[in-house]
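Structure first, commentary second.
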Amino acid sequence: MPPLTRREMLRLSAVGATALGANLCFPAIAAATASSSNTAAHNSTSATLYASLLKDWCDGLIAHQVINVRDPALHGGLLCPACGIMHGRCGDAVYPLLRVAHSTGDEKYLQAALLVYTWTERNVSRTDGSWVNDVTLSSWQGITVFHSIALAEALEHHGSMLSSSIRKEWNDRLAAAAKFLDSFITIETGNINYPVSATLAFTLCGIRFNNTHYLERARELAHTALDYFTPNEFLFGEGHPSHGIFTPKGCRPVDLGYNVEESLPSLALYSLLNKDKDVLMRTIAAMRTHMEFMLPDGGWDNSWGTRNYKWTYWGSRTSDGCQPAFLLLSQYEPVFREVAQRNLEIMAACTHGGLLYGGPDYFAHGDHACIHHTFTHAKALATVLDRGHDLLKPSQRFPLPRDAAYGLKSYPEIGTHLSAVGKWRATVTEYDWNYVEHVQSAGSSPGGGHATGGALSTLHHCQLGPVLTASMTEYSLVEISNQQVFSDAPHMPLTTRIEYSNGKTYTSLSDFAAVLTAKTASDEVSFEARGRMLTAAHQPDVGSGMKYHLTYRLTEPAVEITAASDAAGMPILSTPPRFILPIISGSNEKIEHPDSKTVRIHKTNGTLVISTDATQGFDPIPATRTFNLVPGFECIPLCITMPHGKEICVRLEALQKV
């Protein structure tokens with residue numbers, strides 16, 4: 001690849017070179033100084049964390065591998081404790097298992113890789129060279145692209161661990177998969193993550209088999225994919241039709257989770273291996289845009305994405321991880337290393353018993369970990385250790401864009417605004433792309449998408465952590481084998497909303513036509529949303545014609561939310577409208593309720609105070625936390641019964657720990 005010019009390097013490093021300002025939100029995990037001793041300690045810890053977490057995950061996979069049952073339908077597969085099945089893609093684990101076998105010299109990891117490979121060939125392999133998504137639940141063959149990448153990387157870096165006969169068997173099987181993909185993959189195959197990931201699959205196979213046709217296929221797909229970036233450098237195509245159509249609000253189908261964990265890492269590796277400067281530059285630009293959505297604690301804010309039914313706060317349920325893109329391209333943009341590191345740390349915090357849980361509170365709430373998270377994200381760590389270990393050399397820590405109190409940033413192609421005032425970080429969305437799954441649908445009723453209508457989909461405080469979040473408007477199994485089912489414990493949608501029942505449930509979360517405005521003034525940002533109360537399937541209540549009005553005002557001391565609902569006349573409703581404010585709070589946090597209008601939640605680094613001006617105050621607070629699998633938080637649902645036609649106000653303040 002031709003070296004970047006000095007001008008290009010300076011432009012790409014603009015974010016990394018930004019000085020720490022007075023209003024930066026820079027959490028403890030990113031507070032290391034640039035001194036040589038602290039920097040070396042950080043990077044030693046960073047390299048160690050990649051390796052130790054990967055080993056921990058591989059140990060977790062082995063603990064769930066079926067070895068005592070000889071039936072070929074089960075023997076060697078990885079049994080998922082959350083879903084009670086063997087996910088058809090568990091064969092992807094061959095790559096991380098071989099990596100750990102090679103680095104530790106422990107034969108158990110090699111045996112585990114051989115067993116899961118055999119299970120895959122017996123159960124989800126097809127004679128045309130493809131692999132299918134699941135044994136019975138989904139026959140989707142597009143996942144062949146991901147298993148091809150895993151198998152190619154396993155052979156490239158750790159093939160020496162295999163006997164010559166097994167190495168030949170795997171090599172021949174990969175060749176059959178590449179031949180299948182050559183006739184199967186186009187830019188329109190599946191969502192955009194499939195053809196974009198195929199750029200890497202074809203590259204690896206082209207190199208391995210010395211096949212110039214595969215390398216040309218990779219280049220063709222990569223350069224066609226350059227047409228799938230918005231002016232703000234969002235990769236779009238996570239929805240159908242993927243190209244050539246805008247929503248009424250001019251939005252494109254974008255999903256942050258799939259982009260940062262699957263598509264952009266594939267383009268990053270494609271561009272490096274092929275020395276493709278055009279794709280490299282565009283990928284770096286896109287990563288800078290997507291980096292805007294990393295929260296200070298390393299979580300990804302996919303509260304608005306088309307496929308946020310798979311949002312896990314640290315990423316997405318069945319993709320691979322952001323580390324290959326952000327770590328490997330940190331040689332051009334040093335701040336990218338910080339993105340990879342913070343996300344690695346939050347994934348480590350969500351790991352228990354060797355498995356990566358689907359969100360911060362899954363484990364405490366008693367929900368199991370879907371093993372899919374672990375075997376896919378283990379591939380990303382293996383990639384970093386195999387291809388980017390030299391990039392873990394000593395360097396300073398960097399601030400991320402959302403660490404700074406920059407005021408307001410707006411992205412019209414996703415109908416979403418980011419706000420940063422004082423230590424408050426907020427996301428407000430009116431995104432009107434309605435995602436429909438075409439190949440893996442569970443056949444559930446319409447509805448249950450991402451929040452819209454001017455919803456406050458994220459509220460984060462730099463000191464206290466996550467405060468408010470969004471979930472699906474109504475939980476449904478969009479992809480039956482790739483989502484979990486709720487346990488028999490309290491759960492509810494977590495997005496802040498107005499809600500009432502009148503035969504069906506109507507909320508302020510589903511109106512694609514809602515009007516949202518954003519304003520900035522001195523040291524504050526405010527939003528105003530007006531829309532119709534609709535069901536999760538976007539249907540109005542003809543009988544009441546109920547409308548809503550919400551405002552959010554962010555200042556350094558506090559966030560204020562006002563809410564009102566109104567209808568012509570006095571409609572008779574099954575339940576009166578309520579304002580529902582699910583405050584993120586783990587079951588270990590102490591709650592005080594000194595009076596009907598005030599609630600205090602004591603967190604590790606301070607106290608969150610929630611108060612209201614509503615005459616009757618808050619409704620009785622449930623004794624147990626509620627929960628949602630998306631993105632995996634426990635919450636205290638604070639509710640206020642709303643007087644007809646009158647506005648209520650809620651104020652959130654953060655008190656520092658003394």
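Here, residue 1 is the first one in the sequence, and each next residue gets the next number. Quantities reported herein were computed from a predicted structural model and do not represent experimental measurements.
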Less than 4.0 angstrom from a charged side-chain N to a carboxylate O is my criterion; do Arg342 and Asp403 meet it?
yes

Enter the distance from Thr429:OG1 to Asn308:CG here, rounded to the nearest 0.5 Å.
9.5 Å

Within a 6.0 Å radius of atom NE2 on His368, are there more than 12 heavy atoms belonging to other residues, nucleotides or ligands?
no

Does a donor on one side chain and an acceptor on the other come within less than 3.5 Å for Glu479 and Gln483?
no

Residue pair Thr120, Trp131: steps toward the side-chain contact (heavy atoms from CB on, under 4.5 Å) verdict:
CA-CA 8 Å; Thr120 297; Trp131 292 281; 3.7 Å; yes

To the nearest 0.5 Å, atom CD1 of Ile584 lies from atom CZ of Phe633 at 4.5 Å

Side chain of Asp297, backbone of Gly299: donor and acceptor closer than 3.5 Å?
yes

Nearest 0.5 Å please: distance from the OG atom of Ser457 over to the CG atom of Asp301.
5.5 Å

For Ser585, is there any backbone N or O sitting under 3.5 Å from a side-chain donor or acceptor partner on Arg625?
yes

Does the gap between the ring centers of Phe336 and Phe398 come in under 6.0 Å?
no

Test side-chain contact (heavy atoms from CB on, under 4.5 Å) applied to Thr318 and Tyr258, step by step
CA-CA 9 Å; Thr318 61; Tyr258 270 91; 3.4 Å; yes

From CA spacing to verdict: salt bridge (charged side-chain N to carboxylate O under 4.0 Å, His left out), Arg387, Glu153
CA-CA 10 Å; Arg387 294 191 176 274; Glu153 289 287 70; 2.8 Å; yes

Counting distance only, does the side-chain N/O of Glu156 pair as donor-acceptor with the main-chain N or O of Ala152 below 3.5 Å?
no

Gln341 side chain to Ser46 main-chain N or O, any donor-acceptor pair under 3.5 Å?
no

Has the side chain of Trp57 got a donor or acceptor atom that lies under 3.5 Å from a matching backbone atom of His373?
no

Exam field: side chain Gln65 to backbone Gly76, donor-acceptor pair closer than 3.5 Å:
yes

Would Tyr313 and Ile346 count as a side-chain contact (heavy atoms from CB on, under 4.5 Å) here? Give the steps.
CA-CA 9 Å; Tyr313 193 67; Ile346 198 169; 3.5 Å; yes

How long is the gap from CZ on Phe229 to OG1 on Thr283, to the nearest 0.5 Å?
5.5 Å

Trace of the side-chain contact (heavy atoms from CB on, under 4.5 Å) decision for Tyr411 with Trp304
CA-CA 12 Å; Tyr411 301 95; Trp304 47 271; over 6 Å; no

Heavy-atom donor-acceptor pair, Asp320 side chain to Ala380 backbone, under 3.5 Å
no

Value for NE2 (His147) from CZ (Arg89), rounded to nearest 0.5 Å, stands at 10.0 Å

Without swapping roles, check the side chain of Thr626 against the backbone of Met492 for a donor-acceptor pair under 3.5 Å.
yes

So, the side chain of His461 versus the backbone of Leu464: is there a donor-acceptor pair under 3.5 Å, distance only?
yes

Just by distance, do the side chain of Tyr117 and the backbone of Gly91 share a donor-acceptor pair under 3.5 Å?
no

Gap between atom NZ of Lys423 and atom NE2 of His460 - 0.5 Å precision
11.5 Å

Of the non-hydrogen atoms in Phe146 and Ser197, which two are nearest, and what is the gap between them?
CE2-OG, 3.4 Å

